[in-house]
Amino acid sequence: MKLRTSHYLIIAFLAAFTYFYSKDGLVATSVLYTAIQFALPLALAAMVGVMCERTGVVNIGIEGTMLISAFTAFFAGAILKNTVQGMLVGVFTGAMMGLLLALMAVNWKMDQIIAGVIINILAAGITSFYYRQNYSIPSTLDPIDLPVIGAWPILGPVLSFHGPITYFGIFFILGLWFALYKTSWGLRSRAVGEHPSSADTAGVSVSRLRYLNVTAAGAVGGLAGSYLALEAVGIFERGFTAGKGFTALAIMIFGRWNPLGALAAALFFGLTQAVTNQLMIDEVVEIPPQFINMLPYILTIVVLAISAGKVRPPAAEGIPYEKEKS
Amino acid sequence: MKTLLEIEGVSKSFGSVIANEDISLTVREGEILALLGENGAGKSTLVKAVFGLVKPDTGTIKINGTVMESGDTAAAIASGVGMVHQHFQLVPVMSVTENMILGDEPKKFGVVNIKQAKKEALALSEKYGLEVDPDAIIEDLPVGMAQRVEILKALRRDVKLLILDEPTAVLTPQETDELLEVLRNLAKRGVGILFITHKLREVMAVADRIAVLRGGKLMGTTTPKESSESKLAQMMVGREVVLRVEKSVAKPKEVLLSIKNLRVNDDRKLESVRDLSLEVHAGEILGIAGVEGNGQRELVEAICSMRSRLSGEVVVKGKAIPNLNPRAAHLAGVSHIPEDREKHGLVTSYSIADNLVLNRFDQAPFANGWIRNLEEVASNGEALVEKFDIRAPNASLSAGSLSGGNKQKVVVARELSQQLDVVVAAQPTRGVDVGSIEFIHNQLIAARDAGAAVLLVSAELDEILSLADRIAVISNGKIVAIFSSKEADRNTIGRLMAGLAS
């Protein structure tokens, strides 16, 4: 099943690419470049989900985490007149949101869905209330022209000239995959997410690991938010994240809680969006823009319908851990 | 022999409940000490105190002569205490090796060295003669095998004292024998073993010394030589327990349950009940003896209409029961004491009173049309709690708060307090203490004497031999022989169970 799904994705990708490349090489590579830009915030946000849920904490507050981080990143960058400092503020904000979720989920043993909703409402409220017009950041984060790779045919213009968060994000996702499956941190985290009492009796502190992972995941969410505000567009609006945090959850499920799987799923989402955009620009098909904006949500529903029942979430997710009392 | 563990004057209470009261015990190197007691006697609390999972109120615990800081699991592990928990502490989706190294992984530059871990696992399983496949995933393993992994996990940390909390509760008789053999071997190597159980036969077979707990107090220590099963039972329960069931001769009448050419698939879609026919008469107990996994579960579920029948029929009082309709089976007069009480017998978050009407909550007098009659439910609850000796302060408590034996009594009370035609009892005394076993057995006999046809499925041959009026031996999904209780012979039945011709 796993192989077949990825085969379909690759075939769809090659077909689309060949079509565009035969028409216009420049446009084709630019579509792929855009696909990576669309995919990156989704992939990073999906990592937030992977890191939390693998240790057994459901995080539906990714949307709120990204929104409030984008907000603080943008306004800090604008006020300090320094985009990099803005990004650091954004990452810190995300970490604080993670810490808040850990506090509610691990210490207070709250229902984790409700805890996530609280974060989303909090973020929506704060970012609307304190939103001010007429602020701007000095510039977006500078794109990097990759040496050697940038000169490659076809792939060069696709891979080169992205912003620093994009490159860092991709390396982070690869590193997370390695850490999750090859290091003792990963083994322990997965054990805590599947069967926490086994980890506990083996001398692994369940709450410490959950705190660590959920907070670190929050920082990653902060990075995703900063990307949107500081690297992708360089502005902030109310409701700026437009459901990307929820789409990320679908991507996480589609990617089977595996960082590489989620990265592939995010690229698929990004590609679909980039292709549709291009079709609209070329006026090949005339679709009202409202329908284009619906696309991520429709895709989310389709993907979840396909993968529902076939994937198996971490067994202990959403359940507060309590040591046996007697 | 050196003394490994010294428990001196340990007391522990939870609120107003005294779990342990001034208990002193020792375990020496290479000794198997069986800790015997009914459910709720304080056995688990005591060993958890040793392992540092519970802080005793008073008293000291010394391991190898050093006083242990109370409530420090890591220190207990470091000084060589290992524990095999009643509920396995294994991650189901991970491999045997991964489970064994969790919390203490061999590392190379921060990366888990899985190759070395696998080697270690193999070496360890060879050293102790506990064969396991280090790459196998835990959830694919049978229970006995998973328990081996638990034991190996403890042994890997170089245990000197191994604590096993009711290790045989989940095992088949074969797996139990293998485990007892493993324990003997470990003891020969000098490991001290503290073994909790309430099964007298195992204690007599394997223990060097026996300590009996009752109501949180140590009733005394003895040895298998100085004692007998009935003496131990008396120490445990505090009164004389009749291990041999006393019953009058059965007076079988008409056929109430008849199974004709039944064929049923198991969960893996393999045929596990093969063309089975059987008749049970009013006023008799028919016992089904067999090694677990020979179609008993599927047979029971097919009779109760919980599992689809490929072909054949189940007839109760001359009426065929429709396929896959448990309610129809219930209304036709089938009472079912399921094998897994937590899964099929109870809703643990509901009150005891609600659980006692789970199959008739919508019928008079427990409901008037659509409206439940809660007063009637409550008074029925209190009456059954009293009548079936369910040890609970009141019937409005959640069923999940009861001990295993009392949970089972709730199921038995519900199923046997209705119109009795056919009673299907699957493993009715599994994981239940001696006192409750006696009670449940008497209830089944009372049901028989009241004119019910009782079908008893049990993995414990002794239970079948002492209760059943007729004994059917099941092997590979077929009834291979039927004996009357007079002709029944342990050896013959054992051979038939194992699939050998008699």
Side-chain angles (χ1 to χ4, degrees), chain A residues 2 50 53-56 111 174-210 212-213 216 253 256-259 261 310-326, chain B residues 12-15 17 19-20 40 42 44-46 48-49 51-54 71-78 82-95 97-114 117 138-139 149-150 153-154 156-157 165 401 403:
Chain A
K2 195 177 175 184
V50 169
E53 299 210 355
R54 278 294 187 162
T55 30
D111 184 298
L174 299 177
L176 182 64
W177 175 84
F178 184 82
L180 201 54
Y181 292 102
K182 305 286 178 192
T183 67
S184 46
W185 168 81
L187 182 71
R188 290 170 183 202
S189 294
R190 285 182 291 131
V192 164
E194 288 287 343
H195 199 252
S197 63
S198 338
D200 191 23
T201 50
V204 175
S205 167
V206 174
S207 42
R208 202 190 318 170
L209 206 50
R210 285 190 174 170
L212 176 74
N213 289 4
I253 294 169
R256 291 157 198 266
W257 286 266
N258 178 327
K310 288 175 195 153
V311 292
R312 194 167 148 186
E317 82 170 18
I319 308 163
Y321 178 64
E322 291 187 60
K323 282 194 183 226
E324 263 184 289
K325 279 172 198 143
S326 60
Chain B
K12 172 75 189 175
S13 47
F14 296 101
V17 183
N20 289 153
S44 285
T45 307
L46 185 64
K48 278 182 185 162
F51 195 57
L53 288 171
V54 160
D72 189 349
T73 309
I77 294 176
M83 185 155 171
V84 174
H85 297 263
Q86 193 175 1
H87 304 286
F88 297 154
Q89 297 303 330
L90 299 170
V91 184
V93 296
M94 289 188 181
S95 75
T97 307
E98 285 174 318
N99 268 287
M100 282 174 64
I101 61 174
L102 180 62
D104 179 27
E105 304 86 359
K107 270 173 282 191
K108 216 189 216 169
F109 311 115
V111 178
V112 175
N113 191 342
I114 201 80
I138 296 295
E139 62 187 352
V149 180
E150 273 280 80
K153 205 173 87 177
R156 180 170 173 272
R157 298 222 176 161
D165 191 358
S401 65
S403 71

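So that the names make sense, note that chain A is the first sequence line, chain B the second, and so on, each numbered from 1. Below, all heavy atoms of this structure are taken into account, side chains as well, without hydrogens, waters or symmetry copies.
- No donor-acceptor distance shorter than 3.5 angstrom exists from the side chain of A/R256 to the backbone of A/V311, with no hydrogens or angles considered.
- For the residue pair B/T45 and B/N20, no side-chain donor N or O sits within less than 3.5 Å of a side-chain acceptor on the partner.
- Counting heavy-atom pairs closer than 4.5 Å to chain B, the top-ranked of the candidates A/P196, A/S184, A/G186 is A/S184.
- For the atom pair A/L209 CG and A/R54 CZ, the distance stands at 13.5 Å (nearest 0.5 Å).
- With a 4.5 Å cut-off on non-hydrogen atoms, B/D104 touches chain A through its backbone but not through its side chain.
- With a threshold of 4.5 angstrom between heavy atoms, A/R312 approaches chain B through side-chain atoms but not through N, CA, C or O.
- Between chain A and the options B/K12, B/E98, B/M83, B/K153, the largest number of non-hydrogen pairs under 4.5 Å is found for B/E98.
- In this view, A/P320 and A/K109 satisfy the side-chain contact (heavy atoms from CB on, under 4.5 Å) rule, not counting sequence neighbours.
- Only the side chain of A/F178 comes within less than 4.5 Å of a heavy atom in chain B; its backbone stays farther off.
- Shown here are the side-chain contact (heavy atoms from CB on, under 4.5 Å) partners of A/A199, two or more places apart in sequence or in another chain: A/A191, A/V192, A/V204, B/L102.
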